There are 2 protein chains.
Amino acid sequence: MDLTGSLALLWGDRPGPRRGPKPALTHDLIARAGIAIADAEGLAAVSMHRVAADLGFTKMSLYRYVPGKAELVALMADLAMGAPPADLGGGDRCARLRAWALALLPGFLRHPWVLEATTGPRVVGPNELAWMEAALAQLDGTDLGGAARMDVLAVLAGHVRGIAQQAATTPGGDAGTQLGAILAEVVRERGDRYPAVKAALAEAAEGGEDEALGFGLDLILDGLRARLGEPAGADPTQS
Amino acid sequence: MDLTGSLALLWGDRPGPRRGPKPALTHDLIARAGIAIADAEGLAAVSMHRVAADLGFTKMSLYRYVPGKAELVALMADLAMGAPPADLGGGDRCARLRAWALALLPGFLRHPWVLEATTGPRVVGPNELAWMEAALAQLDGTDLGGAARMDVLAVLAGHVRGIAQQAATTPGGDAGTQLGAILAEVVRERGDRYPAVKAALAEAAEGGEDEALGFGLDLILDGLRARLGEPAGADPTQS
DNA sequence: TTTTATTTGTGTATGTTAGACACAGTTTTT
DNA sequence: AAAAACTGTGTCTAACATACACAAATAAAA
């Protein structure tokens with residue numbers, strides 16, 4: 001894993017002068033082809049051969065643009081998530097952080113494989129850094145230390161990721177429904193050993209509403225408001 | 001991905017009567033061999049051949065015990081995380097949830113690959129379910145709905161995962177330090193476009209203390225306390 | 001304008017991986 | 001003793017990432 005190589009690649013540090021024939025492909029084109037495959041058939045379906053073939057080229061020609069598969073996936077992930085919204089709306093700091101977190105979700109839902117692609121050590125791309133910047137900027141002027149700010153970020157992003165991951169397995173497509181069904185089956189058969197899970201599951205299936213993301217965010221942001229000494233914002237779920 | 005198969009496997013639903021020779025291996029033995037490899041060299045180093053070889057057997061003999069690699073990894077992950085602590089200590093509900101989350105961390109730190117292995121759709125094993133049960137049991141008697149309880153779980157576990165993931169890339173070993181160094185380098189070169197990240201990073205590197213896990217947990221649990229209408233517990237970071 | 005250096009796209013080859021399948025040896029049941 | 005069932009193994013295939021060398025193309029240098 002040559003991380004230094006993929007850095008220059010992700011950040012577009014290409015040497016200028018060329019002499020040979022003009023390259024027929026671009027990073028953008030390649031990444032888009034990979035994204036299309038991953039969206040339709042999952043990250044496992046993305047192979048050098050497949051991406052190249054979809055572009056009408058040979059597998060080996062891809063290596064002229066990308067050092068390896070890891071870098072290709074990094075490129076795909078950074079492009080798929082896109083840039084953060086320029087405007088997080090009005091409201092106080094925490095409301096804007098809430099908007100930020102909410103804005104993060106659609107990307108994960110549209111490209112569930114990004115969750116897989118961004119676990120473990122990786123190179124942070126321009127878009128990912130832009131998302132970080134957008135959130136951290138909201139914490140300017142607070143008395144939080146650098147580590148604490150990073151931590152607020154981690155909590156928020158972690159929660160969104162968790163929700164996205166949960167959502168990615170739920171919709172009725174492939175193994176998703178199976179997973180839910182199997183979990184339910186296990187709990188039904190051996191539910192006596194897991195009463196709390198059984199109860200929560202039953203009640204969740206009954207009530208049905210999943211405002212999971214909002215609920216968790218409110219939890220976190222209420223805590224943050226208290227920590228910052230700011231007044232509680234408008235909160236629809238509590239009087 | 002045959003999820004039904006791995007379910008019976010993870011939960012030990014083996015058919016009773018045997019006629020042929022006694023099996024030389026057990027799921028436990030196989031999983032431990034895999035865990036040893038993953039701990040030492042990462043999840044990528046775990047292959048059927050490698051695990052079998054380390055046990056002194058042929059690759060194909062493993063398939064007598066495990067339907068495929070996915071099931072092997074699921075087995076490894078469930079065993080590696082182990083059972084939740086029987087006693088979460090005294091204190092109020094939120095203090096016990098805090099203890100639960102803190103107890104979750106060492107497993108992730110000892111076996112960083114579990115993060116990778118438990119992203120995406122998977123079969124939930126006995127230990128994972130036991131962890132869920134332990135946390136959900138603390139929410140008994142609250143007015144939270146089933147979905148909300150699951151969500152509290154997701155927020156807490158998600159945060160611990162995030163911290164573990166961050167920690168997994170930090171310690172000075174392989175690509176970890178590189179990643180941090182590269183991020184720092186990117187920010188140093190182009191820091192003007194990411195002032196908030198730059199500031200947070202600089203301050204974090206300076207201050208140094210990373211009570212990241214505790215900070216985030218307090219954030220979440222403060223929010224939860226407010227939601228539950230319980231008084232704030234003893235909190236060392238606030239008067 | 002000719003030559004030369006450089007870069008692209010490709011074909012071929014290698015090593016690794018997951019998994020299918022059939023077979024021989026072993027053990028329990030009949 | 002015979003039959004049935006199960007285990008461990010060897011062989012085989014297909015997919016994959018990646019190394020390497022080569023021909024065609026193209027821009028800079030002569």
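Naming: A, B, ... by sequence-line order, numbering from 1 per chain. Here the structure is a predicted model, which means the values were calculated and not measured. What you see below is based on every heavy atom in this structure, not just the backbone, and it leaves out hydrogens, waters and symmetry mates.
- Straight-line distance from the CD1 atom of A:Ile37 to the P atom of D:dC16: 11 Å, rounded to whole Å.
- Distance A:Leu62 CG to D:dA19 C1': 16 Å, rounded to the nearest Å.
- Mapping A:Ser47 and B:Lys22 onto DNA chain D via the closest heavy atom, the residue that lands nearer the 5' end is B:Lys22.
- B:Phe57 comes within contact range of the sugar-phosphate backbone alone, with a heavy-atom separation under 4.0 Å but no base atom that close.
- In this structure, NE2 of B:His49 is placed 14 Å from P of C:dG15, rounded to the nearest angstrom.
- A straight line from CG of A:Leu55 to P of C:dT10 spans 11 Å, rounded to a whole angstrom.
- B:Arg161 and B:Thr118 share a side-chain donor-acceptor pair at under 3.5 Å.
- Between B:Arg19 atom CZ and D:dA5 atom C1' the separation is 6 Å, expressed in whole Å.
- Atom pair B:Met60:CE and D:dC6:C1' shows a separation of 15 Å (rounding to whole Å applied).
- Using a 4.0 Å cut-off, no side-chain N or O of A:Tyr63 falls inside it from OP1 or OP2 of C:dT10.
- At a cut-off of 3.5 angstrom, counting only N and O atoms as typed in the model, there is a donor on one side and an acceptor on the other between the side-chain of B:Lys59 and the base of C:dG19.
- At least one side-chain heavy atom of B:Leu102 sits under 4.5 Å from a side-chain heavy atom of B:Leu217.
- Across C:dT7, D:dT7, C:dT10, the shortest atom-to-atom separation from the side chain of A:Ser61 is found for C:dT10.
- Between the NZ atom of B:Lys69 and the CG atom of B:Leu75 there is a distance of 14.5 Å, given to the nearest 0.5 Å.
- Checking C:dT29, C:dG9, D:dT7 against the side-chain heavy atoms of B:Arg64 singles out D:dT7 as nearest.
- Atom CZ in B:Arg50 sits roughly 12 Å away from atom P in C:dA18 (whole-Å rounding).
- The NE2 atom of B:His27 sits 12.5 Å away from the CG atom of B:Asp78 when rounded to the nearest 0.5 Å.
- In this structure, the CE atom of A:Met48 is 16 Å from the P atom of C:dT10, given to the nearest Å.
- Between B:Tyr65 and D:dG8, a side-chain N or O to OP1/OP2 separation shorter than 4.0 Å is present.
- The residues A:Arg50 and A:Glu41 are annotated as salt-bridged, a charged nitrogen and a carboxylate oxygen being separated by less than 4.0 angstrom.
- In this structure, B:Thr58 reaches the D:dT9 phosphate: one of its side-chain N or O atoms is under 4.0 Å from OP1 or OP2.
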